[in-house]
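For reference, the structure discussed in these notes is given below.
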Amino acid sequence: PVPTWFDEFNPPQQAVELHVVGPQSLVRLLPPLTPFAGAPTVWNWLTSTEPADFDTIATRQTAVRELVPHADWRERMSVFASRVRGRTTSLNGFKGWAASVAAESSQPWAARILAVVTVVAIVLAVSNRIPSAAAMILLAINLATAHRSKKRIDAILADIATADRRIHGVADLLAESAEPTFASAGLNALQDRMERGRSAAALRRLESIVSFGDLRFSPMAHAIAQAVVLWDAHVLDALDRWRHAHGAGVAEWLTALGELEAHAALATLGYDNPGWTFPDIEPAGRDVIECSGLAHPMLSESTRVTNDVSFGPRGDVLLVTGPNMAGKSTLLRAIGLNVLLAQLGAPVCASAMRTIRVRLRTSIHAIDALESGVSLFMAELMRVKGIVEDSQIASGAPVLYVVDEMLRGTNSEERHVAVASVLARLIQAGAIGVVSTHDVELAREPSLAGRRHNVHFSAQFGERDGAPNVSFDYRLQPGPATGRNAMRLLEVMGLS
């Protein structure tokens, strides 16, 4: 797969399970983003364990909606972002310098006086009006003075020079960010935080100053300029004045740029997928999530099968049963990914969706860890324990837990008792659940009665060219699965 700006991040397990990252994942649907602004912002949104507040989600959604038709502008932003190289830390030196206070004065007045006096002395010496020794003494004084400031200016220019090409790219992005006139308050606020183009002009001025500092890479010319006019002292003074005027705003410019890039990236999802829709986010109410025409975002429109599904309110669990390969895990990932997108203010892969704010927690593909002695069962227990503990923390948003084959790493008899016990605790805590299982007996478990809702997928068995055949329609149906299909699948696979 083509590398993305997100490959340097260490993804949490939930992001891997939901296909947020990976070879075929959500981030690969996003346009290029700057590695130090847009990419970390989107990453933080995608991997946050807590949902944004209702007003923030509503503001983001309004902004993303407005950006969907701005395809040309978004394309230009993506082009500028794709030209910027580096990692998330590639501007740290520059940002640190910009935010810092000068450790010592550059004393520009002294450098200016010495430069003027030296130039006048050289002119007078050349015209034989003063002894040439006087001019030589001034040149020596200038070189000694310049030597004292060499370490400081080298450190400053090193911090800036490592980011120099990226600064140019940021200036282009900031200038482009100021071009459109937006209606939404959220986008206007972002433009205000980036000073509507003045930040781009400031960064381009900084580029010019840095280019004067690059004279140090020409040793002969640099030595002459230092001796005659104390070149570095004037560059240092210009850098100090730039930092005094603009340095405090650099971090805010980059933060706002990252948020604008994130909004534009989510708008790209809507533009590239016109069949997706913006969900209705409810601040409070029935605590029910309703989805019509829901599908996994990574499936193409020509192959995806959509389903209508609802779950909640607090304390209820949707139990999904059915054979392997019928679509249970895909449904769980579709639910998790679309809920995640909805809470970012993004469009979702559904024809309609009504949701509330939830704290999304998953356990879909727990893995063992041989190096630390963690078995599959222990890994699953740790994930489930975390979900139970989170559900017991008081919050305005309930936990939505999405679990595939809970505690599969133990024997079936004990698993039934253990899963029923865990679900009872989650129900008592007021969490909302979507759980897939092969244990059809859970669909009739008395301790879950009244809070369990059963749905299932099924398989269709027949013959093709005289041999056993199985097919799946991936359609969610009410009630628990009624057939046991393991032996028939073995027959289809020629193993019985």
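FYI, side chains are in, hydrogens and waters are out, and symmetry mates aren't considered; it's all heavy atoms of this structure. We count residues from 1, following the sequence as given.
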task: Report yes or no: does Gln191 contribute a side-chain atom to a donor-acceptor pair with the main-chain N or O of Ser177 at less than 3.5 Å?
output: yes
- prompt: Could you walk me through whether Lys385 and Asp390 pass the salt bridge (charged side-chain N to carboxylate O under 4.0 Å, His left out) check?
  reply: CA-CA 9 Å; Lys385 181 175 183 287; Asp390 285 347; over 6 Å; no
message: Using modelled atom types and a 3.5 Å cut-off, is there a donor and acceptor pairing between side-chain atoms of Asn128 and backbone atoms of Leu124?
response: no
query: Tell me, do Val399 and Val358 make a side-chain contact under 4.5 Å, heavy atoms counted?
result: no
message: Can you confirm whether Leu139 sits close enough to Ile122 that some side-chain heavy atom of one is under 4.5 Å from a side-chain heavy atom of the other?
response: yes
message: A side-chain contact here means heavy atoms from C-beta on lying under 4.5 Å apart; do Val20 and Val16 qualify?
response: no
- request: Could you label the plane-to-plane angle of the His263 and Trp45 rings as parallel, tilted or perpendicular, counting under 30° as parallel and over 60° as perpendicular?
  value: perpendicular
- request: Please report the C-alpha distance between Leu187 and Leu260 in whole Å, then the side-chain angles of each, then the deciding distance to 0.1 Å, and finally whether the side-chain contact (heavy atoms from CB on, under 4.5 Å) criterion is met.
  value: CA-CA 7 Å; Leu187 294 176; Leu260 184 63; 3.7 Å; yes
statement: Residues at least two apart in sequence or cross-chain that pass ring-ring contact (aromatic ring centres under 6.0 Å, His included) with Trp43, listed by chain then number, are Phe9
message: Are Tyr271 and Trp276 an aromatic pair, judged by ring center distance below 6.0 Å?
response: no
Donor-acceptor contact present, side-chain Thr255 to main-chain Glu252, <3.5 Å: no
query: Hey, does Tyr401 have a side-chain heavy atom less than 4.5 Å from the side chain of Val435?
result: yes
message: Is it the case that the side chains of Ser100 and Arg243 hold a donor-acceptor pair, with the cut-off being a distance below 3.5 Å and no angle test?
response: yes
query: What heavy-atom pair brings His296 and Cys349 nearest, and what distance separates the two atoms?
result: O-SG, 4.0 Å
- prompt: Considering the options Arg83, Glu207, Arg204, which one meets the side-chain hydrogen bond (donor to acceptor under 3.5 Å, both in side chains) requirement together with His168?
  reply: Glu207
message: If the threshold is 4.0 Å, N to carboxylate O, is there a salt bridge linking Arg112 and Asp237?
response: yes
query: Hey, is CZ on Arg76 packed in by over 12 heavy atoms from elsewhere, all under 6.0 Å?
result: yes
Test side chain to side chain contact (heavy atoms under 4.5 Å, CB included) applied to Leu46 and Leu26, Val21, Leu18, the passing residue: Leu26
message: Rounded at 0.5 Å granularity, tell me how far CG in Leu341 sits from CE in Met353.
response: 8.5 Å
task: Report yes if some heavy atom in the side chain of Val170 is under 4.5 Å from a heavy atom in the side chain of Val84; otherwise report no.
output: no
- request: Using a 4.5 Å cut-off on heavy atoms from C-beta on, say whether the side chain of Arg60 contacts that of Thr56.
  value: yes
message: Can you confirm whether Phe182 is buried at CZ, in the sense that more than 12 heavy atoms of other residues, nucleotides or ligands lie under 6.0 Å from that atom?
response: yes
query: So do Arg354 and Pro279 actually touch side chain to side chain, heavy atoms under 4.5 Å?
result: no
Straight-line distance of Gln226 CD to Leu230 CG, nearest 0.5 Å: 6.5 Å
Inter-residue atom distance Ser391.OG - Ile432.CD1, 0.5 Å rounding: 11.5 Å
- request: Evaluate the ring planes of Phe94 and Trp242, with Trp represented by its six-membered ring, and classify them as parallel (under 30°), tilted (30 to 60°) or perpendicular (over 60°).
  value: tilted
- prompt: Under 3.5 Å, side chain of Trp231 to main-chain N/O of Ile224, donor-acceptor pair present?
  reply: no
query: For the residue pair Pro398 and Arg314, what are the closest heavy atoms and their distance?
result: CD-NH2, 3.4 Å
task: Report yes if some heavy atom in the side chain of Leu299 is under 4.5 Å from a heavy atom in the side chain of Thr330; otherwise report no.
output: yes
task: Rounded to the nearest 0.5 Å, what's the gap from OG on Ser351 to CG on Leu294? Could you check?
output: 9.0 Å
Distance-only polar pair, side chains of Gln24 and His19, donor-acceptor under 3.5 Å: no
task: State whether Asp287 and Arg357 are salt-bridged, where the test is any N-O pair (Lys NZ or Arg NE/NH1/NH2 against Asp/Glu carboxylate O) under 4.0 Å.
output: no
message: Is it the case that the side chain of Gln14 and the backbone of Leu360 share a donor-acceptor pair, with hydrogens and angles ignored and the cut-off at 3.5 Å?
response: yes
Side-chain donor/acceptor of His70 to backbone N/O of Glu75, under 3.5 Å: no
field: Sequence neighbours excluded - salt bridge (Lys or Arg N to Asp or Glu O under 4.0 Å) pairs with any residue from residues 35-54
entry: Glu50-Arg361
- prompt: Pick from Cys291, Pro347, Pro297: which one makes a side chain to side chain contact (heavy atoms under 4.5 Å, CB included) with Asn338?
  reply: Pro297
- line: In this structure, CD1 of Ile356 is separated from CG of Leu400 (nearest 0.5 Å) by 8.5 Å
task: Could you tell me whether Arg193 and Glu259 have a side-chain N and a carboxylate O separated by less than 4.0 Å?
output: yes
message: Under 4.0 Å between a side-chain nitrogen and a carboxylate oxygen: does that hold for Arg333 and Glu17?
response: no
- prompt: Are more than 12 heavy atoms from other residues, nucleotides or ligands located less than 6.0 Å from atom CG of Asp72?
  reply: no
field: Side-chain donor-acceptor contact under 3.5 Å, Thr59 with Thr62
entry: no
query: Does any donor atom in the side chain of Asp232 or His222 lie under 3.5 Å from an acceptor atom in the other side chain?
result: yes
query: Hey, is the main chain of Ala183 close enough, under 3.5 Å, to the side chain of Glu66 for a donor-acceptor pair?
result: yes
message: Rounded to the nearest 0.5 Å, what separates atom CG in Asn142 from atom OG1 in Thr118?
response: 3.5 Å
query: With a 3.5 Å cut-off and no angle check, do the side chains of Glu195 and Trp253 form a donor-acceptor pair?
result: yes
- prompt: Can Glu261 and Thr34 be counted as having a side-chain donor-acceptor contact under 3.5 angstrom?
  reply: yes
